[in-house]
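Notes for the one structure printed next.
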Number of protein chains: 2
Amino acid sequence: MEKFLPILQKTKLFAGLTEQEIFSMLGCLDAKTGVYQRGSAVLSRGDTVNRLAILLEGALHIQRDDYWGKRSLLSRIAPGELFGEAYIASESGVFLNDVIAVEDSTVIFFDVSKILTTCTSACLFHTLVVRNLFFALSEKNRRLVRKLDYLSGHSIRERLISYLSDEAGRQGSGSFSIPFNRQQLAEFLSVDRSALSKELCKMRDEGLLEFEKNRFKLL
Amino acid sequence: MEKFLPILQKTKLFAGLTEQEIFSMLGCLDAKTGVYQRGSAVLSRGDTVNRLAILLEGALHIQRDDYWGKRSLLSRIAPGELFGEAYIASESGVFLNDVIAVEDSTVIFFDVSKILTTCTSACLFHTLVVRNLFFALSEKNRRLVRKLDYLSGHSIRERLISYLSDEAGRQGSGSFSIPFNRQQLAEFLSVDRSALSKELCKMRDEGLLEFEKNRFKLL
DNA sequence: GAAAATCGGTTGTTTTTGCAACGGAAAAGA
DNA sequence: TCTTTTCCGTTGCAAAAACAACCGATTTTC
């Protein structure tokens with residue numbers, strides 16, 4: 001557990017705490033880590049979730065397959081990001097999606113209710129963590145709204161433009177790479193892969209952008 | 001301000017507090033109310049938001065018009081619901097959508113940072129409000145994920161089914177009414193109104209549902 | 001109560017998207 | 001290195017959705 005302290009210190013949740021303070025909270029939060037091989041499930045649809053999770057190493061996809069096997073890719077989780085936060089406070093707590101490790105991954109789980117319920121040891125950093133938790137949730141919220149924006153696009157081109165220009169802004173450059181291959185990007189934007197491919201090439205031919213593999217350049 | 005205490009008491013944010021306790025917090029949170037006529041803007045794209053808002057009376061639409069005047073309806077806010085929560089914790093704090101009063105509305109704004117920063121009067125109910133805030137944000141989060149689900153549908157029919165069956169579940173009956181007219185429902189689901197109308201009638205002819213105006217019955 | 005605006009269903013046409021299948025290039029695995 | 005798998009662009013066709021325009025009914029406004 002100790003070896004993850006430097007990583008935890010960089011997360012939004014524990015921002016501003018010393019390694020020592022984080023360490024003392026881990027016990028209080030009943031922290032448990034899990035290791036997942038590439039391709040295995042971290043959480044599955046129907047699981048009861050009552051813990052907050054943070055990805056320490058690797059990469060995860062939050063996704064869902066419908067009756068016909070059509071897959072929706074809701075979001076990708078990068079190291080330091082938290083997930084499962086939407087369900088811990090729900091009555092049912094039943095998880096509606098699958099969380100899959102797309103790389104070998106390590107995840108840490110917290111019993112977050114311990115932070116929220118009146119803390120017996122009303123320590124100073126508790127207050128800070130609660131504040132951080134609020135910021136993290138708020139940011140997550142913004143992310144979801146952004147994704148809603150992508151999907152509100154009425155055509156493949158609109159969805160692509162809103163997603164790609166957003167990504168360019170986030171990475172601070174018109175030249176950037178995305179964490180998806182074509183199939184995954186199609187699932188992320190809820191469109192057909194071949195139609196996506198067609199549209200991308202059309203946009204390239206029109207001089208709107210350049211790309212090679214998962215690297216893009218907006219013009 | 002006092003006349004809104006019974007309404008505030010029913011909100012998620014102040015759940016579990018007495019009217020007296022809420023009243024004493026209003027000053028601490030620097031609460032301010034605003035009254036908006038039907039059709040007027042509560043918040044506009046580009047505004048800097050650093051306050052949490054709760055709708056006390058009326059109804060709001062969070063929406064956005066693109067370059068071509070095409071409107072996306074992100075969500076509808078009912079009395080007691082909070083909004084603006086995504087932006088108060090962001091660096092820029094710049095609001096990306098428009099919030100429009102679709103009925104005469106009253107809104108209350110809070111300086112929520114006051115709850116989060118170390119409270120000089122570390123009162124008991126502060127802790128409770130922070131916990132409530134977390135639950136409220138978490139619920140908002142779930143709502144956004146649900147809407148993402150609707151928009152992930154690959155056809156108008158799929159979007160309709162996921163939205164309508166969700167609404168049926170939420171209202172606990174196969175017979176229910178929705179807070180949108182056809183045009184608004186089309187904007188909410190990001191589809192063309194006439195195509196939506198066509199699909200609805202087709203589904204009715206196939207015996208999947210019945211409807212009249214904004215009242216639906218799933219079969 | 002008359003005029004104006006909104007609402008929702010309908011139709012026909014155009015455009016876009018989905019789908020299925022193929023093939024070459026690159027990557028992964030043995 | 002050779003085989004197998006994955007990736008991604010391409011094509012043709014079928015299906016779906018967007019668009020524009022129209023109309024009767026209802027609602028709103030004055």
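Chain A is the first sequence line, chain B the second, and so forth, proteins listed ahead of strands; every chain is numbered from 1.
Aromatic ring centres of A:Phe216 and A:Tyr163 lie farther apart than the 6.0 Å criterion allows.
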When you compare the protein's N or O atoms with those of nucleotides 19-21 of chain D, which come within less than 3.5 Å of each other, and at what distance?
{"residue": "D:dC19", "atom": "OP1", "partner": "B:Lys70", "partner atom": "NZ", "Å": "3.0"}
{"residue": "D:dC19", "atom": "OP2", "partner": "B:Lys70", "partner atom": "NZ", "Å": "3.3"}
{"residue": "D:dC19", "atom": "N4", "partner": "B:Ser194", "partner atom": "OG", "Å": "3.4"}

Measure all distances between protein nitrogen or oxygen atoms and nitrogen or oxygen atoms of nucleotides 25-30 of chain C, and list the pairs falling under 3.5 Å.
none

Atom pairs under 3.5 Å: protein N/O with N/O of nucleotides 28-30 of chain D:
none

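When rounded to the nearest whole Å, the span between CZ of B:Phe211 and P of C:dC7 equals 17 Å. Taking atom CG of A:Leu196 as the reference point, atom C1' of C:dA20 lies 17 Å away to the nearest angstrom. Between A:Ile178 atom CD1 and D:dC8 atom P the separation is 9 Å, expressed in whole Å. Residue B:Gln183 contributes atom CD, which lies 12 Å from atom P of C:dG9 at whole-angstrom precision.
Each of B:Asn181 and B:Arg204 was assigned the nucleotide of DNA chain C with the nearest heavy atom; the assignment lying further toward the 5' end belongs to B:Asn181. In this structure, B:Glu199 and A:Leu200 both approach DNA chain D, and ranking their closest nucleotides by distance from the 5' end singles out A:Leu200.
Residue B:Phe23 qualifies as open at atom CZ: its count of foreign heavy atoms under 6.0 Å is 12 or below. The local environment of CZ in B:Arg38 is sparse, with at most 12 non-hydrogen atoms from other residues, nucleotides or ligands closer than 6.0 Å. Taking a 6.0 Å sphere around CD of B:Glu212, one finds it holds 12 or fewer heavy atoms contributed by other residues, nucleotides or ligands. Within 6.0 Å of the CD atom in A:Gln37, the count of heavy atoms belonging to other residues, nucleotides or ligands does not exceed 12.
Looking at heavy atoms from C-beta onward, A:Leu82 lies out of side-chain contact with A:Thr11 at the 4.5 angstrom threshold. By the 4.5 Å heavy-atom criterion applied to side chains, B:Ser152 and A:Leu151 are counted as neighbours.
Taking the charged nitrogens against the carboxylate oxygens, B:Glu167 and B:Arg170 do have a contact shorter than 4.0 Å, which makes a salt bridge. Between B:Arg71 and B:Asp66 no salt bridge is recorded (no basic side-chain N to carboxylate O distance below 4.0 Å). No salt bridge links B:Glu158 with A:Lys70; every basic N to acidic carboxylate O contact stays at or beyond 4.0 Å. We find that A:Arg64 and B:Asp149 are joined by a salt bridge, their nearest charged nitrogen and carboxylate oxygen being less than 4.0 Å apart.
Axis angle between the ends of the helix from C:dG1-D:dC30 to C:dA30-D:dT1, five pairs each and rounded to 10 degrees, works out to 60°.
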Checklist entry - After noting the C-alpha distance and the side-chain angles of A:Tyr36 and A:Asp104, does the key distance pass the side-chain hydrogen bond (donor to acceptor under 3.5 Å, both in side chains) rule? => result CA-CA 6 Å; A:Tyr36 302 88; A:Asp104 290 348; over 6 Å; no

Checklist entry - Under the side-chain contact (heavy atoms from CB on, under 4.5 Å) criterion, do A:Arg45 and A:Asn97 qualify, and how do the steps go? => result CA-CA 5 Å; A:Arg45 195 170 176 185; A:Asn97 304 299; over 6 Å; no

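Of all the residues in residues 155-163 of chain B, B:Ser155, B:Ile156 reach under 4.0 Å from DNA chain D with at least one non-hydrogen atom.
Under the 6.0 Å distance and 45° angle rule, B:Lys147 counts as a cation-pi partner of B:Phe188.
Sorted by first and then second residue, the pairs that involve residues 185-202 of chain B and meet side chain to side chain donor-acceptor pair (under 3.5 Å), not counting sequence neighbours, are B:Arg157-B:Glu199, B:Gln183-B:Glu187, B:Asp192-B:Ser194.
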